[in-house]
Amino acid sequence: MKERYDFAEIEPKWQKTWEESGLYRVGDEDQTKEKYYCLEMFPYPSGDLHMGHVRNYSIGDVVARFKTMQGYNVLHPMGWDAFGLPAENAAIKHGIHPFKWTISNIENMKRQLSRLGFSYDWDGQVTTCQPDYYKWTEWLFLQFYKNGLAYKKKAAVNWCPGCVTVLANEQVVNGACERCGNEVIKKDLAQWFLKITDYAQRLLDDIDKLQGWPDKVKIMQENWIGRSEGAEVKFRIDGTDEVITVYTTRPDTIYGVTFMVLAPELPLVEKLTKGTPYEGAVQDFIRKMQTMSDIDRTSTETEKEGLFIGQFVINPMNGEKIPLFIANYVLIDYGTGCVMGVPAHDQRDFDFATKYGLQIRLVIMPEGVPDRYAQLTQAWEAEGIMVNSGPFDGQDNEEAIKNITKYMEEKGLGSFQVNFRLRDWLISRQRYWGAPIPIVYCDKCGEVAVPDDELPVYLPTDVEFKPTGQSPLAECESFVNTTCPKCGGPAKRETDTMDTFICSSWYYIRYCSPHDDTAAFTRSKVNYWMPVEQYIGGVEHAILHLLYSRFFTKVLKDQGLVDFDEPFTNLLTQGMVLKDGTKMSKSKGNTVSPEETVAQYGADTARLFILFAAPPERDLEWSDAGVEGAYRFLNRVWRLVYSYIDGLNESVKVEEVSPADKETRRLTHYTIKKITDDINLRFNFNTAISAIMEFVNWLYLYRDKNTVRNSVIEAEAVNTLVTVLAPFAPHAAEELWHELGYTDSIHKQPWPKYDPAALVQDEVEIVVQVNGKVRDRMIIPADISKEDMEKFVLEQDGVKKLMEGQQIVKVVGVPKKLVNIVVK
RNA sequence: GCCGAAGUGGCGGAAUUGGCAGACGCACACGACUCAAAAUCGUGCGGGUAACCAUGGGGGUUCGAGUCCCCCCUUCGGCACCA
């Protein structure tokens, strides 16, 4: 007997064997098997694996191994999200080239992943910073460009002074950069955008198709897309032909408009005030707004501030003259940047009107307010009956929304309008370490796409890394200066690179045909493997990556390049790994190194603990004692299986089946059922593992209390134990499997099926309750009818005694569970 | 402020369809083995002498509620002047 569970010897041994035998090599399309694409979010190669990665990939590995054993043709790939700022920052700080830095990090992290024994086919590894990948990222950009979905425009964009580049809306969190935390400022720059807004409605509608996604993520996406219905209404500026269009979700309140507000940055504002007495004050106000940070400017805490600009507009419904303001609380990039002020029915307008002494006119009667001229103390934003609204008086306001919109459409005063909170995706970055945007600028031909046969536009290697606020590529003359693909004349390249979220928006497609050097992907393979059956990753990507990937997939589908329109059928968002109640981070000094944990306890122990300590969606509190416990358990399995191997022939009898044998067989099959359901239906690996523990605890008892055991039943139990352990502790299971005398890999074994007949129990314990309180328990035949069970219970002496002096009102029987006697 | 999730022993967690609250593990205590310790094996382990009380608090529905309904509190996540 091998006494010791020597993980340090067996884990590397099997990792080597699996690698050499190509155990995880991905098969091609196989029509005899159902396919299963198991995907975990690929990591950014920051240098070292952290526990969050270990958790993510341990979960994925269980799923992949389990599905493989269940007979699926499984794709389980891994790669590297390898472009991005940290590499460039390292280059600036330490003088290492980003490429070198990234590649050495990849090597290190790949080694760490391999040491954990995850079942990846490394042959299909994808690295986004390699030309064989970014060539196709560039190609995909051009597909967007050629279909009018990529465009360059000058706009006030989010600029992070820390990262010295622009950011997408999604990357700004509470007015700060999501990466470095610096306060984001506005800059007027010409930038590349992808027209994700064209897909806003479909991205919203198709959320319904995502049955296998957590509601949490779907709601976040819904809120982010932020659809609203309302009307655009035209207000003429008094004394001119100029028209201002506002967007409102409350056309029913139009008779309550007592002022109008414009975003200060609107060009119209300057036009309207130029040469008027208001010009100076307006200029001052605009300048003040520009110096304010986004956080101060857009916080609900900030006091409303505005300025009358000397003009009036006419309410198209009643011809009233309304003063025109600019104010801090109106955003230029939502709706039309112009808002009609209805202080009685919008709290923001109410605050503004109160401050500047503007009229507050009630047009929708609040409940319980009889007087239509009542003084409000705050805006009434709920429903009510229309008043002070001309022909619409007396209508229900919900009705009036429709009727007023219809009326305005008929009279040409306005129209029904849908608006989205979602903005177009800003993809330009003024940085070096990203995929080049394959566009050149020619004096004669203007903006020209780089032809497909000239792709990729290579990133030059001899570049100076200085954080100047301009792409380092702009100073690389050999890169910038080129010839125009159209006319052959001198031209200049685009020097911005792409947001790395572009690279990660299609990597899961590249995995399906990673070696195709003639196309971004092989259509037949992509259509075979996609969509992903199970995607696993952190919830922090709920909006950014997951929304962008859905957008990419829909564009590819519309271009006829793929046959599916949603990339991820099921999504699992795993919780964080915590230590002492907070997220592990270097700055807090509460990190636990996966490498050290593996060195001390082995990969199987580390994985087992992480899977056992909490269900996957929840946060997980790291516990060194818990790791110790997982290690103890593996040792316990080890000793049990070895004692069986060694003692097999001394205590057996084949023919007879004792009650203990029968119970062993029942538990064997119950354990199979429990684990299968826990993985398949619920991803509850923690309870699956506890079922294995209970099974092991029973087998110890069975072994120690029965010197005579049925060898067939015992062998089945031990084989089953090792087999169901395989997805969770792949190395230990493999070693034990071979020690049991098998020569093929445990990971190629079919997942066991349970025998329903074995689960049937002859007798069950039931509870006797009196008025819902447990008073007794008894063993009865399992197949007894409900009526017989109730009768049987009432006949028992103990129960009769309990009933003395009581009047039975009712008896509630639940077969195999309980009998509740209700007494008075 | 709005949206969402969660609150169960000393701790991580379980209870899958309204049916024995606390599975499994950790920690702890005691015992066996040992010269001793570790490891291992075994026993106990929500509170209370008990009747009983206990799943954040308060109501309700039900024969029966951690689970369903209403109100409130706390923590965490997302959004935050989106007209």
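We name chains A, B, ... by the order of the sequence lines, and we start the count at 1 in each one.
- Taking the P atom of each, B:U62 and B:U17 are spaced 23 Å apart, rounded to whole Å.
- For the 3.5 Å distance criterion, the side chains of A:Y329 and A:D349 qualify, holding a donor opposite an acceptor.
- Under a 4.0 Å N-O distance rule, the pair A:K791/A:E787 does not qualify as a salt bridge.
- In this structure, the ring pair (Phe, Tyr, Trp, His ring centres under 6.0 Å) partners of A:Y548, at least two apart in sequence or on a different chain, are A:W425, A:F501.
- Geometrically, A:R636 engages A:Y700 in a cation-pi contact defined by less than 6.0 Å to the ring centre and at most 45° from the axis.
- At the heavy-atom level, A:K218 lies nowhere under 4.0 Å from the strands shown.
- Counting only heavy atoms from C-beta outward, the side chains of A:K801 and A:Q796 never approach each other to under 4.5 Å.
- With respect to the salt-bridge test (charged N to carboxylate O, under 4.0 angstrom), the residues A:K234 and A:E232 do not qualify.
- Syn is the conformation of B:G9, whose glycosidic angle sits no further than 90° from 0.
- A distance of about 9 Å separates the P atoms of B:U40 and B:C26, rounded to the whole Å.
- Under a 3.5 Å cut-off, the side chain of A:D424 and the backbone N or O of A:F193 do not form any donor-acceptor pair.
- In this structure, A:F685 has its ring center under 6.0 Å from that of A:F683.
- In this pair, A:F609 and A:W622 present their aromatic rings perpendicular. The plane angle is above 60°, beyond the 30 to 60° band.
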Exercise for the section: Taking Watson-Crick and G-U wobble pairs with both distances under 3.5 Å, convert RNA chain B into its dot-bracket string, 5' to 3', dots for unpaired and | for cross-strand pairs. Expected result: (((((((..(((......[....))).(((((.......))))).((....))..(((((..]....))))))))))))....

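- Comparing the C1' positions of B:U61 and B:C69 gives a spacing of 7 Å, expressed to the nearest Å.
- Across the protein-nucleic acid pair, A:W622 atom CH2 and B:A27 atom P stand 15 Å apart, rounded to whole Å.
- The two atoms that bring A:D252 and A:V363 nearest to each other are O-CG2, 4.4 Å, heavy atoms only.
- Remark: P of B:G19 and CG of A:L818 are 10 Å apart, rounded to the nearest angstrom.
- Aromatic ring centres of A:F259 and A:F352 lie closer together than 6.0 Å.
- The residues A:R423 and A:D333 are annotated as salt-bridged, a charged nitrogen and a carboxylate oxygen being separated by less than 4.0 angstrom.
- To the nearest whole angstrom, the two P atoms, one in B:G22 and one in B:U16, are 13 Å apart.
- Put simply, CZ on A:R250 is 17 Å from C1' on B:C81, counting in whole angstrom units.
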Polar atom pairs (N or O), protein with nucleotides 3-5 of chain B, under 3.5 Å:
none

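- Counting non-hydrogen atoms of neighbouring residues, nucleotides and ligands closer than 6.0 angstrom, the OH atom of A:Y670 reaches no more than 12 such neighbours.
- A close approach under 4.0 Å does not occur between any side-chain nitrogen or oxygen of A:S690 and OP1 or OP2 of B:G13.
- When distances are taken from the side chain of A:L331 to each of B:C20, B:C24, B:A83, the shortest belongs to B:A83.
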Exercise for the section: I would like to know whether A:M220 and A:V539 meet side chain to side chain contact (heavy atoms under 4.5 Å, CB included); could you show each step before the answer? Expected result: CA-CA 10 Å; A:M220 279 195 221; A:V539 74; 4.3 Å; yes

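- A salt bridge links A:K288 with A:E305: the distance from a Lys NZ or Arg NE/NH1/NH2 to an Asp or Glu carboxylate oxygen falls below 4.0 Å.
- Residue contacts shown for A:G629 are limited to sugar-phosphate atoms, with no base heavy atom under 4.0 Å away.
- Sequence order on RNA chain B of the closest nucleotides to A:D346 and A:E694 puts A:E694 first from the 5' end.
- Across all strands, A:T249 comes closer than 4.0 Å only to sugar-phosphate atoms, never to a base (heavy-atom distances).
- Of the P atoms belonging to B:A54 and B:G60, the separation is 14 Å, rounded to the nearest Å.
- The side chain of A:V767 has B:C20 as its nearest neighbour among B:C20, B:G19, B:A15.
- Separation of the P atoms belonging to B:G12 and B:G56 is 14 Å when rounded to the nearest angstrom.
- For A:W224 and B:C79, the CH2 to C1' distance is 8 Å, given to the nearest whole Å.
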Handout entry: Nucleotide-resolved protein contact map, nucleotides 39-54 of chain B, B/S/- at heavy-atom distance under 4.0 Å
Key = -SS----------SS-

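- In the displayed structure, A:E540 atom CD is contacted under 6.0 Å by more than 12 heavy atoms of other residues, nucleotides or ligands.
- For RNA chain B, the neighbouring residues in residues 611-620 of chain A, judged by any heavy atom under 4.0 Å, are A:F612, A:A613, A:P615, A:R618, A:D619.
- Taking only side-chain atoms of A:A625, from C-beta outward, the nucleotide of B:C20, B:C81, B:A27 with the closest atom is B:A27.
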Practice task
Do nucleotides 59-69 of chain B as a string where each nucleotide becomes B, S or -: B if the base has a protein heavy atom under 4.0 Å, S if just the sugar-phosphate does, - if no protein is that close.
Solution key: ----B------

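- Here the separation of B:A21 from B:U55, taken at their P atoms, is 12 Å to the nearest Å.
- If you check every strand for non-hydrogen atoms under 4.0 Å, A:V330 touches a base.
- The pair A:D351-A:K355 fails the salt-bridge criterion, with no side-chain N (NZ, NE, NH1 or NH2) lying under 4.0 Å from an Asp/Glu carboxylate O.
- Nearest to the side-chain atoms of A:R682 among the listed nucleotides B:U16, B:C81, B:A15 stands B:U16.
- Rounded to whole Å, the distance from CD on A:E381 to C1' on B:G1 is 11 Å.
- In this structure, A:F259 atom CZ and B:A83 atom C1' are separated by 11 Å, rounded to whole Å.
- The CZ-C1' distance, from A:R423 to B:A80, rounds to 13 Å in whole Å.
- Close to B:A14, at under 4.0 Å from its OP1 or OP2, lies a side-chain N or O of A:N686.
- Residues A:V172 and A:E178 are not in side-chain contact: their nearest non-hydrogen atoms beyond the backbone lie 4.5 Å or more apart.
- Across B:G13 and B:G25, the matching C1' atoms stand 8 Å from one another, rounded to whole Å.
- Protein atom CZ of A:F609 is 14 Å distant from nucleotide atom C1' of B:C24, rounded to whole Å.
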